[in-house]
Novice: 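Can you keep this structure in mind? I'll have questions shortly.
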There are 2 protein chains.
Amino acid sequence: MMVDMTDTATAAAALAGVAGLLADRTRATVCLALMDGRAWTAAELAGAAGVARSTATEHLNLLVAGGLLIEVRQGRHRYVRLSDDAAELVERLSAAAPPGSPPPVRSLTTAHRQRALAAARTCYDHLAGTLGVAVTDAMTARGLLSWDRGLSLTGDGEHWFTALVGAWPPATRRPLVRSCLDWTERRPHLGGATGAALCAHAVEAGWVVRSRRSRALRVTDAGRAALREQLGLELPPAG
Amino acid sequence: MMVDMTDTATAAAALAGVAGLLADRTRATVCLALMDGRAWTAAELAGAAGVARSTATEHLNLLVAGGLLIEVRQGRHRYVRLSDDAAELVERLSAAAPPGSPPPVRSLTTAHRQRALAAARTCYDHLAGTLGVAVTDAMTARGLLSWDRGLSLTGDGEHWFTALVGAWPPATRRPLVRSCLDWTERRPHLGGATGAALCAHAVEAGWVVRSRRSRALRVTDAGRAALREQLGLELPPAG
DNA sequence: CCGACGGTTCGGCGCCGGCCGAACCGTCGC
DNA sequence: GCGACGGTTCGGCCGGCGCCGAACCGTCGG
């Protein structure tokens, strides 16, 4: 009986603990934002929730420790995404909210597959999302990128790049090419100075247009044509 | 965009609100106790959670208002049971608790069907649970109880009762028979002075034995035989 | 009528948790 | 080397929430 008491006590504590992670407006806002399936930085989430960066840090620590969020540090950024378990929990709890009508809680069939904004976006200053990965794959397939001993441009790649962009990226301490993990695709895409220059060229040449309110990009018809010509890359029509 | 902000804000508040209901140790203990599928009184839950009755009242108010608990007032008692939605939520949240090994969280396939202790028990001072309902049904089938104009004993019922128990219940203001809703069976069983006397007889005659730590009853072999003889009631063997 | 008892209300207390700003650290890109 | 920037740590403030006990209400049963 003493054993039973202890067990139910710890079970209650565990239950209250998990529920407590979502029992705060700020943390709930963070999890709801992450329901889009993407990985966000701490500062982005702080902005979305309307709190100071330091406050966001504390909340993220709790959510990560509780297993609801999965984090990956990349450079000076802390990326965080919703775990699959957490996504389901958030969905069920939202559905159980009695207020009923007011918020037509966005129910995403297993949220982590939601790709609305994930199709094409910028990652800092280079192409990311399905577009970024597709471009990187196409460059690899054409022998423009080499993955031996880390990512690098091949000779063909250097020729292709200068022919396309015109100028070589200025010599700085920033590496020319860098492999950057994409957190919706879970695969690497092209970063570094070359990636940044390529992205800038895509914008200037009208291949893509930036969204005013997010990192999302929209591929134009001209962009689709250019990518087909340059890289043999076939993108599906606008969606 | 302002609309969108507002929506996600209310959605976050709703999510945090539901989670907050389970984010307290006492409320979590209450819900875990209710996972046995039975309806408990406020005082029982206060005892189970180790808090004052007044505190339990406040928690029950919150849980009922949030739709997690369903309450029914009966006389001076406040019965409360877990809603089906809440049972599922509790189960999922418990499963998501990271501690992992310590508590082997009792996962009951859709908890509200759990009948472990529900088979036979007392309700205040009369028989309840499947046993109470079965006895009531058998008495009705034999013409001992009438449901016209409220529940009452028939002439045959009065004869049967005096022959069995020997003495008629003392004349008090307490009604002789009363229909009492059973919250595991969701059907009425026999209460009132007659029900109490019948229960007392069942205990004295050794038909059932009381549990020391709960309201549970165990039907003896002798009790099974007596019920078969008296009411033609066939109970399944001991479980 | 009465006493017993389950439940509720209310005032008050103490603690914990969310928030911020300031200082600090590490990485980035020049 | 430097400045810019994302993130973290720390101290401190504040509000809210969970708790209790005492008083009270309604029902029950004699």
Novice: How many Å lie between CG on Leu63(A) and C1' on dG18(C), as a whole number?
Specialist: 13 Å
Novice: Could you check how far CG of Leu69(A) sits from P of dG7(D), rounded to whole Å?
Specialist: 14 Å
Novice: Taking for each residue the nucleotide of DNA chain C bearing the nearest heavy atom, is the 5' side occupied by Val51(A) or by Arg78(B)?
Specialist: Arg78(B)
Novice: Rounded to whole angstrom units, what separation is found between the CZ atom of Arg73(A) and the C1' atom of dC5(D)?
Specialist: 16 Å
Novice: Please round to the nearest 0.5 Å and tell me the distance separating atom CD of Glu158(B) and atom CH2 of Trp168(B).
Specialist: 4.5 Å
Novice: Could you tell me whether Arg53(B) contacts a base, only the sugar-phosphate backbone, or nothing, with contacts defined as non-hydrogen atoms closer than 4.0 Å?
Specialist: base
Novice: Below 3.5 Å, does any donor atom in the side chain of Ser54(B) face an acceptor in the base of dG21(D), or the other way round?
Specialist: yes
Novice: Go through dG18(D), dG7(C), dT9(D) for me and flag the one nearest to the Asn61(A) side chain.
Specialist: dT9(D)
Novice: Could you state the CD-C1' distance from Glu44(A) to dC5(D), rounded to the nearest angstrom?
Specialist: 14 Å
Novice: What integer distance in Å separates Asp24(A):CG from dG15(D):P?
Specialist: 17 Å
Novice: Among dG7(D), dT8(C), dG11(D), which nucleotide sits nearest the side chain of His77(A)?
Specialist: dG7(D)
Novice: Would you check if the side chain of Ser83(A) reaches a backbone N or O of Leu68(A) as a donor-acceptor pair within less than 3.5 Å?
Specialist: yes
Novice: Output the rounded distance in Å from CD (Glu71(B)) to P (dT8(C)).
Specialist: 8 Å
Novice: Which nucleotide sits closest to the side chain of Thr57(A): dA4(C), dG7(D), dG7(C)?
Specialist: dG7(D)
Novice: To the nearest Å, give me how far apart CG (Leu60(A)) and C1' (dT8(D)) are.
Specialist: 12 Å
Novice: Between Thr194(B) and Leu176(B), is there a donor-acceptor pair closer than 3.5 Å when you use the side chain of the first and the backbone of the second?
Specialist: yes
Novice: Under a 3.5 Å distance rule, please check whether Arg27(A) uses its side chain to pair with a backbone N or O of Leu21(A) as donor and acceptor.
Specialist: yes
Novice: Which nucleotide in the set dC20(C), dG18(D), dT27(D) lies at the smallest distance from any side-chain heavy atom of Glu58(A)?
Specialist: dC20(C)
